[in-house]
Amino acid sequence: MQVNATLINLYHVCKRECWLHANGIRFEHTSDLVYEGKLIHEESYPQRPERYEELEIDGIKIDFYDARSKVVHEIKKSDKIEEAHRWQVKYYIYVLERNGVEGVTGILEYPTLRQTEKVELTDNDREQIKNMEKDIETLITSDTCPPVINSKICKNCSYYEFCYIIE
Ligand code: SF4
């Protein structure tokens with residue numbers, strides 16, 4: 001599986017989740033939280049698909065791109081894992097740049113909190129993303145699944161039962 005924005009996000013949340021997702025072990029469809037997140041995505045801005053484009057570039061899907069103002073919009077259920085969200089949007093900007101689209105910025109939107117955050121890509125971010133891509137490739141092609149992280153975020157993870165009950 002090639003590195004994409006979801007893996008960039010998961011890499012910051014939990015290396016084990018990143019490995020499981022990349023290796024085809026998925027439980028998102030059974031998770032109420034993931035379903036709730038999808039609903040917020042679809043219901044918060046029902047008019048969005050008409051106003052903004054859905055893009056697929058280098059096999060990476062960007063749900064809401066405003067081509068006129070060159071802004072990537074990403075909607076999130078909460079701001080609990082902000083750093084991972086920021087990197088996901090930075091990665092979208094990075095991929096657009098890699099394909100010759102300059103001057104792109106991002107906006108993270110948290111409808112339930114009524115908050116937005118502007119996201120920009122710096123030179124330092126570009127260097128970090130190159131390193132992340134290498135790290136993620138090494139991580140997901142490893143035969144060994146990383147250990148559980150025993151974090152409070154685990155209870156809200158779609159892999160919770162797999163990590164703590166099944167294993
Ligand atoms: S339950 Fe915890 S350890 Fe398991 S994948 Fe999710 S975040 Fe990682």
Side-chain angles (χ1 to χ4, degrees), residues 1-45 54 56-64 72-95 106-122 124-167:
M1 184 178 186
Q2 73 170 76
V3 175
N4 60 32
T6 301
L7 294 182
I8 292 274
N9 181 326
L10 295 179
Y11 175 78
H12 289 89
V13 175
C14 168
K15 307 274 187 295
R16 179 178 171 89
E17 188 173 357
C18 187
W19 187 96
L20 288 167
H21 182 90
N23 283 278
I25 301 164
R26 311 258 174 97
F27 296 100
E28 286 98 333
H29 59 287
T30 61
S31 165
D32 288 346
L33 280 161
V34 171
Y35 178 66
E36 199 182 322
K38 281 204 164 77
L39 272 185
I40 285 176
H41 216 269
E42 285 160 13
E43 291 178 357
S44 298
Y45 305 101
E54 183 180 291
E56 187 147 349
I57 191 162
D58 288 353
I60 288 157
K61 195 161 136 300
I62 303 173
D63 287 336
F64 300 120
V72 173
H73 292 258
E74 178 65 23
I75 304 165
K76 293 296 183 194
K77 179 176 154 286
S78 76
D79 65 347
K80 277 184 199 151
I81 312 173
E82 273 190 26
E83 204 49 30
H85 299 165
R86 281 189 200 113
W87 279 114
Q88 181 182 347
V89 175
K90 283 178 189 216
Y91 194 67
Y92 289 141
I93 299 171
Y94 179 81
V95 171
I107 296 183
L108 268 168
E109 306 186 14
Y110 299 92
T112 52
L113 296 174
R114 298 177 186 276
Q115 285 180 17
T116 60
E117 181 181 294
K118 188 170 181 186
V119 180
E120 290 176 316
L121 191 68
T122 66
N124 186 34
D125 294 334
R126 289 178 187 94
E127 284 310 306
Q128 286 199 63
I129 285 175
K130 278 183 204 154
N131 293 332
M132 271 173 221
E133 285 186 319
K134 283 186 207 142
D135 278 359
I136 291 171
E137 267 162 28
T138 305
L139 171 74
I140 66 180
T141 53
S142 162
D143 290 337
T144 311
C145 178
V148 296
I149 59 171
N150 290 309
S151 160
K152 60 183 180 188
I153 65 164
C154 293
K155 288 225 163 112
N156 291 332
C157 176
S158 62
Y159 292 102
Y160 179 72
E161 289 194 11
F162 176 81
C163 289
Y164 293 96
I165 297 169
I166 296 172
E167 284 222 325

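Just so you know, ligand 1 is whichever comes first in the structure, and atom 1 is the first atom listed for that ligand.
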Checklist outcome for this item: ligand 1 atoms nearer than 4.0 angstrom to some heavy atom of E17 are 5 (S)
Checklist entry - Closest non-hydrogen protein atom to atom 3 (S) of ligand 1, residue and atom name please, with distance? => result I149 N, 3.4 Å
Item to check | Residue, atom name and distance, where the atom is the protein heavy atom closest to atom 2 (Fe) of ligand 1 | outcome: C154 SG, 2.4 Å
Next on the checklist: Can you name the atoms of ligand 1, numbered from 1 with element, that are less than 4.0 Å from a heavy atom of C157?
Outcome noted: 1 (S), 5 (S), 6 (Fe), 7 (S)
Next on the checklist: Is C163 close enough to atom 8 (Fe) of ligand 1 that one of its N, O or S atoms comes in under 2.8 Å?
Outcome noted: no
Item to check | Backbone N/O of I60 and side chain of D58: donor-acceptor pair under 3.5 Å | outcome: no
Item to check | Side chains of F162 and L20 in contact at under 4.5 Å (non-hydrogen atoms) | outcome: yes
Next on the checklist: Any side-chain to backbone donor/acceptor pair from S151 onto C154? Under 3.5 Å, distance only.
Outcome noted: no
Item to check | Exam field: side chain N9 to backbone T6, donor-acceptor pair closer than 3.5 Å | outcome: no
Item to check | From C14, S151, P146 - option closest to atom 7 (S) of ligand 1 by heavy atom | outcome: C14
Item to check | K90 to Y92 six-membered ring, cation-pi geometry met (6.0 Å, 45°) | outcome: no
